[in-house]
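Written out below as structure tokens is the structure these notes cover.
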Amino acid sequence: MSHSNEGKEATKLTSFVSSNFIRDIMLEDIKNNKNGGKIHTRFPPEPNGYLHIGHLMALVADFGLAEEFGGLCNLRFDDTNPEAEEQEYVDKIIEDIHWMGYDYEDRLYFASDYFQQLYEFAEQLILDGKAFVCDLTFDEMREYRGTLTEPGKESPYRNRSKEESLDLFRRMRLGEFPEGTHTLRAIIDMKSGNLNMRDPVIYRIKYAPHHRTGTDWPIYPMYDYQHPLSDAIEGITHSMCSLEYADHNELYQWFINNVKWQKHPDDPIPIQYEWSRLNVTGTVMSKRRLRRLVEEGYVDSWDDPRMPTMCGLRRRGYTPASLKDFIGRVGISRSPKIVDAALLEHCIREELNSTAHRTMAVLRPLKITLTNYPEGQTEYLEIENNPEDPCAGDRSVPFSRELYIEQEDFMENPPRKFFRLRPGGEIRLKGAYIIRCDEVVKDEEGNVVELLCSYDPETKSGSPQAGRRVRGTSHWVSAQHAATATVKLYDHLFTKDNPEDAEEGKDFTDYVNPESLEVLENCKIEPRLAEAQPGERFQFLRQGYFYVDHVDFAEGKLVFNRTVGLRDTWARMNR
RNA sequence: UGGGGAAUCGUCUAAUGGUAGGACAACAGACUCUGGAUCUGUAUGUGAGGGUUCAAAUCCUUCUUCCCCAACCA
């Protein structure tokens, strides 16, 4: 991927800024030389959907903390449910991880890589009297499990002989039984207050073909069994996950303690740590809801720039560095969090303010003619690319008699504090001259179609006499030299901070912002922008940061997606 | 008395018995050839009640509120 350099660069620049309890634990472990002072994490997505902003915490923490302590992070797909998982998602997830600049080197693993090993562990568990084959039906098992407040009952098959269980388990593996007729269950405690400990199922029969192992296996291990053992096999030291798995930690430890997985006495014993999930205002995260947005046409695709998916964020123009910065600022904790999307926007604005080149694009053009400027003349003005970065240099921008300015930079009857152009008033054209509006040209319906202006040759930017001041400055493009482009103005997808908190009779789709996308087809852009390459980011002066859509570009279209607008105190004053 | 987790400015997050601090958001002002950026300033917080202590966000205690768990999903 051409984007991987972007991510790697970002990795060097950014690390966590805030402290967090996981880091404290790692620091302590390193100090005590636990596991030889090594940190080894893993990022364990299930390939059943696209990575989205809710996964960002785990992604950045798993890879970022390992990186910070000179450790390693494996990429391991949790692919033990063939009904849900697809190769397509594996590929998309890998693409997103590469884009973020994270490197798992040759450590790309799949839980399915361990199916044979896990199977052997399971046989041993049976031999040790710690697991049995259960013939209870799905409904019976639910009944035997008890409830949150009542203890469960032991399965009548719990005490059958090891030999019988082993025989049955082997025949399960041979594919002799239909789905749903048998399970392998751990023998733990049906009375436990923790439902996960009530003789949990560790293998079930499934004949669905697996995206990697095909039809090799008629039985599949459950997450709770597979995950700790996969961690153990890989030598993971710190196994991090979100808080809804806290109840599973006891089971995690049970498998670590009861399966003979250790090859050497100093193989690290993995420990699970949990943190609270990341939520962001104005988004939905669940796969089901995201799918509805796509399928019901609220957005165009999974990578629509309004989607909170990683691929959507990328098309919106977010950078890996800004995303890492965001996670660093949010921090890792165990308290529930719904982070203000404004923080995410701040992170990308801050980065782009220092890196994005300034350009001029007139989104809604209003023609002006400088009546005292020589016809046919073009002068090239040197304008700085980025006032925040002197090294960014200057570029030449053509200036001529006929120009476009923004429609909203002119008002015939302006209110107080409107510092832009009005009849008889003056503004500076950025990097050029001060102009005065002499005459307003209207069509038959009274719409303003053109302004006749005059320029003051004494006020050329950079010249000694340029000192005269006017309050307003506008961006502009030369009509003759401008190219036309499509600009997509994106805004928040929802009108509500928490779209899921719907009123009676409504659901989250009722809060989709009808103005979340405005497509402008007739934007006039300066010559530099006509040469823009996919993946480039610019500031459109006074308007915002824009990303050259790499997807549209591949289809032959030059489209600028608004990543985020500039802070706009004028707009705020008018709210 | 099911089990587990969490409560600090509007939002995140620090302070591990010793001045409740930072970031984002908000507001006000300065500056500005981007109404951007930058700078300065302002307001807002320890869920509640008891207790220990010279001193409590922090320790003890009672209570309240919120989140997660009853897939042969992860």
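Chain letters run A, B, ... following the sequence lines, proteins first, then strands; residues in each count from 1.
Straight-line distance from the CG atom of A/L148 to the P atom of B/C67: 15 Å, rounded to whole Å. The CE-P distance, from A/M573 to B/G36, rounds to 11 Å in whole Å. A/I338 has its CD1 atom 13 Å from the C1' atom of B/A6, to the nearest Å. In this structure, A/N20 places its CG atom 11 Å from P of B/U13, rounding to the nearest Å.
For B/G36, there is no paired nucleotide, since no Watson-Crick or G-U wobble pair has both relevant distances below 3.5 Å.
Remark: the A/D247 side chain and the B/G3 base include a donor-acceptor N/O pair separated by less than 3.5 Å. In the interface, the side chain of A/E388 is paired with the base of B/G36 through a donor and an acceptor atom under 3.5 Å apart. Counting atom types as modelled, A/R420 pairs a side-chain N or O with a base atom of B/G35 as donor and acceptor under 3.5 Å.
Counting only N and O atoms by type, the side chains of A/Q539 and A/Y545 include a donor and acceptor under 3.5 Å apart.
Distance from the side chain of A/R469 is smallest for B/C33 among the nucleotides B/G35, B/C24, B/C33. Side-chain proximity of A/R145 to the nucleotides B/A71, B/G35, B/A74 is greatest for B/A71.
Across the P atoms, B/U8 and B/U58 are found 13 Å apart, a figure rounded to whole Å. B/U46 sits 12 Å from B/U11 when the P atoms are compared, rounded to a whole Å.
Near RNA chain B, meaning a heavy atom under 4.0 Å away, the residues from residues 539-546 of chain A are A/Q539, A/L541, A/R542.
Within the 3.5 Å criterion, the main-chain N or O of A/P47 finds no donor-acceptor partner in the side chain of A/D79.
Within 4.0 Å of A/K430, counting heavy atoms only, lies at least one base atom of the nucleic acid. Residue A/Y245 is in base contact, counting any heavy-atom pair closer than 4.0 Å across all strands shown.
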